[in-house]
Each structure stands twice: as C-alpha cells, then as structure tokens.
Amino acid sequence: MHGWTVKKVYFYALSFILLAFMIYNIGQIVWRLSEIIVPPPILDLESRKANTYFNWRMMGENMVYLAVCFPVFWYHWKVARSLE
C-alpha cells in the first residue's frame, strides 16, 4: 500500500461509507414503493391509509437523504480520485 496518505484514506473511506448509505436509502425507497403499489393485507381502511401515508413519508425522507448525500459523496469521490 504505497502512496496511501491519511488524506487519501479519509476521502476513500468517507466516499464508500456514503455510497453504502445511498444504496441503503435506494433499497428503502424501492421497499416503500413496493408496499404502496402492492399494499399488505390490512382489513381496516383507516390502517391502510395510515400505512400508505407512512410509506410515502418515509420514501420522501429517503429521497431527501439521497439529494443531500449524493453531492457530498460525489465531491469526496472526485477528491479521492484526484489524489491518485
């Protein structure tokens, strides 16, 4: 591991942690979307409405996380690649 500096390790490690976080959020968005398209078998209409609302809210929250996280990830990835 020649040529690895603390700065390079920091930028690579942070970019991979952010990438893992983004992949997790994408998985959560897909999971919530599948629950909206094919709702779980809940007999009570009010429970179904509450569940659908909760899924939309969580999907929106995960999209905000992605919107914030992606530019930070891209910056750290570009800096890490420029240190080569």
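Every heavy atom of this structure was used, including side-chain atoms; hydrogens, water molecules and symmetry mates were not.
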Check for a donor-acceptor pair, side chain of Lys8 on one end and backbone N or O of Val79 on the other, with a separation under 3.5 Å.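 The answer is no, because no donor-acceptor pair under 3.5 Å joins these two groups.
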
Heavy atoms, side chains only, cut-off 4.5 Å: are [X] and [Y] in contact?
{"X": "Asn51", "Y": "Pro40", "value": "yes"}
{"X": "Tyr53", "Y": "Lys49", "value": "no"}
{"X": "Asn62", "Y": "Ile26", "value": "no"}

Quick check: Tyr12 with Trp4 (ring centres under 6.0 Å apart)?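 Close enough - the centres of the two rings lie under 6.0 Å apart.
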
When you look at Trp77 and Phe11, which way does the ring-ring contact (aromatic ring centres under 6.0 Å, His included) test go after all the steps? CA-CA 7 Å; Trp77 182 251; Phe11 279 106; over 10 Å; no

Would you please name every residue forming a side chain to side chain donor-acceptor pair (under 3.5 Å) with Tyr10, sequence neighbours left out?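 Tyr10 satisfies side chain to side chain donor-acceptor pair (under 3.5 Å) with no other residue.
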
Name all residues meeting the side chain to side chain donor-acceptor pair (under 3.5 Å) criterion together with Arg48; count only those two or more places apart in sequence or in a different chain, and write none if there are none.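 For Arg48, no residue satisfies side chain to side chain donor-acceptor pair (under 3.5 Å) once neighbours in sequence are set aside.
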
Indicate, with yes or no, if [Y] and [X] share a hydrophobic cluster defined by side-chain heavy-atom contacts under 4.5 Å among Ile, Leu, Val, Met, Phe, Trp and Tyr.
{"X": "Ile17", "Y": "Phe21", "answer": "no"}
{"X": "Leu33", "Y": "Met58", "answer": "no"}
{"X": "Val64", "Y": "Phe70", "answer": "no"}
{"X": "Tyr65", "Y": "Val72", "answer": "no"}
{"X": "Met22", "Y": "Val68", "answer": "no"}

Among Leu18, Leu66, Leu14, find the one that has a side-chain contact (heavy atoms from CB on, under 4.5 Å) with Phe73.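 So the option named by the test is Leu18.
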
Using the side chain to side chain donor-acceptor pair (under 3.5 Å) rule, collect all pairs that involve residues 21-44, keeping only residues at least two apart or in two chains.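 Residue pairs with at least one partner in residues 21-44: Trp31-Glu35, Arg32-Asn55, Glu35-Asn55, Asp44-Ser47.
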
Report the distance from atom OG of Ser15 to atom OH of Tyr75, rounding to the nearest 0.5 Å.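 Rounded to the nearest 0.5 Å, the OG-OH separation comes to 12.0 Å.
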
